[in-house]
Amino acid sequence: MARMMAAGLLAALLALPAAAAEPEYRAEVIRTAYGAPHIIARDYGGLGYGGGYSSAEDNFCDFAERQMTVNAQRSRYLGPGEKNANVISDLYHQHLIQTGDLDAIMAGPGKPSPKARALARGFIAGVNRYVRDVGVANLPDARCRGAAWVRTYDEMDYWRSVIATQQPTLMAGVVAAAPPGAPDLPGLLAPAERSPVPEGQGSNAYALGREVTKSGRGVLLGNPHYPWDGINRFTRMHMILPGKLNIVGAGLQNSPTIGIGHNRWVAWTHTVSTARRFGLFELTLDPKDPTAYIFEGRSVPMTRTVVTVQVKTKAGLTPVSRTFYGTRFGQVVENEGPLPTPWTAERAYAVRDAGPGLRATDQYLEMYQARSVRQLAASLAKFQAAGFNTTAVDASGEAYYGDVGALPYVTDAKAEACTVSEMAKILWRTQRLPVLDGSRAACEWESDPRAVTPGIFPPQSLPQLFRSDYTSNSNDSYWLTNPKAPLTGYPRILGDEATARSLRTRLGLKQIEDRVAGRDGLDGAKFDLASVEGVLFADRNLGAEMTRDPLVGLCRKAAAGPHPDLADACRALEAWDLRVNLDSRGAHIFRLFAEKGGLVFKVPFDPTDPVNTPNTLDVDNPRVLAALVDAVKQLRGLGIPMDAALGQLQTEPRAGGERIPIHGGPGPEGVFNVITPVDLKPGLGWTKIRHGSSWIMAVEFTDKGPLSQGVLSYSQSTNPGSPHAADQTRLYSQKGWDDLRFSEAAVRRDAVSRVVLRGR
């Protein structure tokens, strides 16, 4: 009955006459292989309308759940959740709503442009149109079919989702913050869930310029490593305004924008940055009142905002309230774990985020029109809305890298002068996180009129590089974007310089060197579309290339002595092809060996040779043998053979019990094609992929325009019953690629389905 009432209510709402001011939308949605949607429209509203409709077809339940989250309704419909997870989420998002920040932005100078708002309105209208066409009771995905939390949506719902995505800084800690002695909720005081580099997020990027490509034009590889489940999944997209706009690639679910893609002249991708995009302020509290802090010698009371949410319990809806405490710097935060910020009688901590507001949509709309990487870089500087590094290349063969976003204006000198407590000094020294003295005005973030908003570095002060050979990034700092031109002299808050790079970064740079020299076994020398794809899917493992032979020697010596049970592991490692292909045998032994701390090097890092150091496995260090012994012991306990093929052990589940074999491996052991699995089970291996290669895109510019291919590793749809819930996952498993069909003619030629949508 509840489902029928929900469906009836939604139908009634959707049947209401449209207001006279509502725009009329028209969009053509063409699907090609693997369910890839191509939207052809006459204006931005139409693009949004077609995008919203196709997005809902693929992933409506994810959209609806996200809206339930950002509108603080999870507890109302789903109950408190494990360790009050839903209560924490709702209190946090309800507080965001009550602050009125979104309303202020929408009415202020930083509000979205008419084009951006038309795109957003159209997107929401398209989602609503889909639900109207299908009906809540008939939604194909059982996760939200007939659910009471499915409703109609409006433009503000979309922008609320955008701003909520930007502001999850220390979410549990903001909710948990309470003065000493105040009552608490179970599960609130938890480790900070936003580390400097978010868990499950990373990427590789190559922008290959004219000096290193076969054609003398640009080639790009975009390889983000994002979660395979949840709100940060990518979805394929293609938007065409005939004669005005043609952009293809992928964007995050629940959004009408393409975040990684290309037009006729420029291709770009993003990687997670090492720059800290938030900071803390250490508050000296008034001895008479722990909810007041000292600023410039005066006691300042914290603001208090009482937030109440409704929680579903056995007794019905129960209100739960929480008081949030604010300061001139931001909300008070209290956390344990890697960012310890306890609220004591003497100290408390406030968090300030440098988020870009709602500028990102307009930034992308302007990037879509760029005809060179210089123009694209100008768009980044104009809006400073990028939350990531940007790596790009254009048709002329100029490559670009930049970390040009909203980054806290904290110089090294300010950090040193304004870091007071020992804990603050440790966080600055070890994590480059500024924890500044909140008692002095001189310790607030600096401002520069050249920046788009106060408190952030101007774009002229941020790391950028233009090259005719290449730029690259694999989540280490800007420093070694190109070893021939290290970027130096930037504030520590942006990243480390002259420090050891990850094995993945080093392999990424080595692969470029090997390809340009033609010594990687692929066709010829230098890059084109086929070779950049071949480099990624070669599935090399640098850690193994550097250490396997001495490890086998150590293994054989131990097997002949105190550890005879290592013998079959020694044979498997010696026969291993040093790859993480489906048929690679022995990769799983090395993985556990590396995870247990076995990669100990004898030769230390040398800043004059950063691509090749540290090196040489330290076989005399007892940790190395201990890690190997522990790895073999664990595999035996799980009943997993030493010579098992990786494709048998690393799989992704799909409907009907299907287990799709997945190639690739974890980045820390030196794999470029990152795949991070979980759920290591007896006899089966790793049965789920947590994150890794997600939207993979390769682009080559030619005299006739761009050639581009891609694959969405986890497939287009999250609906288990969709034909597009597993097809690209199988394609990825086979190391296949799909043509992105940049031209409208190619889209129409290869159409699998076509629908023309009209509505309001």
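- Of all heavy-atom pairs between Leu407 and Leu494, the closest is CD1-CD2, 3.5 Å.
- Taken to the nearest 0.5 Å, the OG1 atom of Thr488 stands 11.5 Å off from the CG atom of Leu480.
- Between the side chain of Ser447 and the main chain of Gly455, a donor-acceptor pair closer than 3.5 Å is present.
- Contact of the Arg117 side chain with the Lys111 side chain is not registered, since no non-hydrogen atoms from C-beta on lie closer than 4.5 Å.
- Under the 3.5 Å distance criterion, the side-chain polar atoms of Gln331 are left unmatched by any main-chain donor or acceptor of Phe324.
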* For Leu285 and Met302, run side chain to side chain contact (heavy atoms under 4.5 Å, CB included): C-alpha distance rounded to whole Å, both residues' side-chain angles, the deciding distance at 0.1 Å, then the answer. => CA-CA 10 Å; Leu285 301 182; Met302 297 175 184; 3.8 Å; yes
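- The cationic atom of Arg76 (NZ for Lys, CZ for Arg) does not lie both less than 6.0 Å from the six-membered ring centre of Trp149 and within 45° of the ring axis.
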* Could you walk me through whether Asn232 and Leu252 pass side chain to side chain contact (heavy atoms under 4.5 Å, CB included), step by step? => CA-CA 6 Å; Asn232 284 322; Leu252 293 179; 4.0 Å; yes
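- Considering only heavy atoms from C-beta on, Ser299 comes within 4.5 Å of Ile294 through its side chain.
- Pairing each heavy atom of Glu444 with each of Arg328, the nearest pair is OE2-NH2, 3.0 Å.
- Using a 3.5 Å distance cut-off with no hydrogens or angles, the side chains of Thr499 and Arg501 do pair a donor with an acceptor.
- A salt bridge does not link Asp286 to Lys288: none of the charged side-chain nitrogens sits closer than 4.0 Å to a carboxylate oxygen.
- Applying the salt bridge (charged side-chain N to carboxylate O under 4.0 Å, His left out) test to Arg121 and every residue at least two apart in sequence or in another chain returns Glu155.
- Nearest heavy-atom pair, Ala172 versus Ile88, reported as atom, atom and distance to 0.1 Å: CA-CG2, 4.0 Å.
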* Asked: Hey, mind stepping through Thr718 and Asn59 against side-chain hydrogen bond (donor to acceptor under 3.5 Å, both in side chains) and telling me if it holds?
  -> CA-CA 6 Å; Thr718 52; Asn59 302 300; 2.8 Å; yes
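- Heavy-atom contacts from other residues, nucleotides or ligands closer than 6.0 Å to CD of Glu82 number 12 or fewer.
- Under the 4.5 Å side-chain criterion, counting only non-hydrogen atoms from C-beta, Tyr44 is in contact with Leu365.
- Within the model, atoms CG of Asn204 and OG of Ser693 stand 7.0 Å from one another, a figure rounded to the nearest 0.5 Å.
- Counting only residues at least two apart or on different chains, no disulfide bond (SG atoms under 2.5 Å apart) pair has a member in residues 269-301.
- Residues passing the side chain to side chain donor-acceptor pair (under 3.5 Å) test with Asp289 are Thr291, sequence neighbours excluded.
- Residues passing the side-chain contact (heavy atoms from CB on, under 4.5 Å) test with Ala417: none are found, sequence neighbours excluded.
- Tyr293 OH to Phe281 CZ: the interatomic distance, rounded to the nearest 0.5 Å, is 11.0 Å.
- For the residue pair Thr271 and Asn389, a side-chain donor N or O sits within less than 3.5 Å of a side-chain acceptor on the partner.
- Under 3.5 Å, the side chains of Thr305 and Gln98 contain no donor-acceptor pair of N or O atoms.
- Partners of Asp229 by salt bridge (charged side-chain N to carboxylate O under 4.0 Å, His left out), not counting sequence neighbours, listed by chain and number: Lys688.
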* Derivation and outcome, side chain to side chain contact (heavy atoms under 4.5 Å, CB included), residues Asp103 and Trp159 -> CA-CA 10 Å; Asp103 303 278; Trp159 294 115; over 6 Å; no
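- Looking at every heavy atom in both residues, Ser75 comes nearest to Asp90 through N-OD2, 2.5 Å.
- The two residues Asp362 and Pro112 make their nearest non-hydrogen contact at OD2-CA, 3.5 Å.
- Under the side chain to side chain donor-acceptor pair (under 3.5 Å) criterion, Tyr158 pairs with no residue, sequence neighbours left out.
- With sequence neighbours left out, the side-chain contact (heavy atoms from CB on, under 4.5 Å) criterion links Thr676 to Val674, Arg690, His691.
- The minimum heavy-atom distance between Val70 and Arg160, with the atom names listed, is O-CD, 3.4 Å.
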* Asked: Would Thr391 and Asn473 count as a side-chain hydrogen bond (donor to acceptor under 3.5 Å, both in side chains) if you check the C-alpha gap in whole Å, the side-chain angles of each, and the deciding distance to 0.1 Å?
  -> CA-CA 8 Å; Thr391 303; Asn473 186 265; over 6 Å; no
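- Phe63 places a side-chain heavy atom less than 4.5 Å from the side chain of Phe123.
- Checked against side chain to side chain donor-acceptor pair (under 3.5 Å), Tyr478 has the following partners two or more places apart in sequence or in another chain: Glu497.
- Atom CD1 in Ile456 sits 10.0 Å away from atom CZ in Arg277 (nearest 0.5 Å).
- Side-chain atoms of Asn86 come within 3.5 Å of backbone N or O of Gly79 as a donor-acceptor pair.
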* To do: Applying side chain to side chain contact (heavy atoms under 4.5 Å, CB included), run through Tyr401 and Leu487 and close with a yes or a no.
  => CA-CA 11 Å; Tyr401 161 85; Leu487 292 168; 4.1 Å; yes
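- Using cut-offs of 30° and 60° for the angle between ring planes, the Phe466 and Tyr400 rings count as tilted.
- Between Tyr226 and Phe234, the angle of the ring planes lies from 30° to 60°, which puts this pair in the tilted group.
- Residue pairs that meet the disulfide bond (SG atoms under 2.5 Å apart) test with at least one member in residues 401-458, sequence neighbours left out, are Cys418-Cys443.
- In terms of modelled atom types and a separation under 3.5 Å, the side chain of Asn71 and the main chain of Gln73 share no donor-acceptor contact.
- Side-chain atoms of Arg432 never come within 3.5 Å of backbone atoms of Ala275 as a donor-acceptor pair (strictly under, hydrogens ignored).
- With sequence neighbours excluded, no residue forms a side chain to side chain donor-acceptor pair (under 3.5 Å) with Gln384.
- With no hydrogens or angles considered, a side-chain donor-acceptor pair links Thr390 and His270 at under 3.5 Å.
- Side-chain contact, Asp476 with Thr505: a donor N or O sits under 3.5 Å from an acceptor N or O.
- Distance check, rounded to the nearest 0.5 Å: CH2 of Trp445 to CD1 of Ile493 gives 7.0 Å.
- Note on residues 406-415: pairs passing side chain to side chain donor-acceptor pair (under 3.5 Å), not counting sequence neighbours, are Lys414-Glu446.
- Separating the CE atom in Met697 from the NE2 atom in His262 is a distance of 6.5 Å, to the nearest 0.5 Å.
- Every residue was checked against the salt bridge (charged side-chain N to carboxylate O under 4.0 Å, His left out) condition with Arg504, not counting sequence neighbours, and none meets it.
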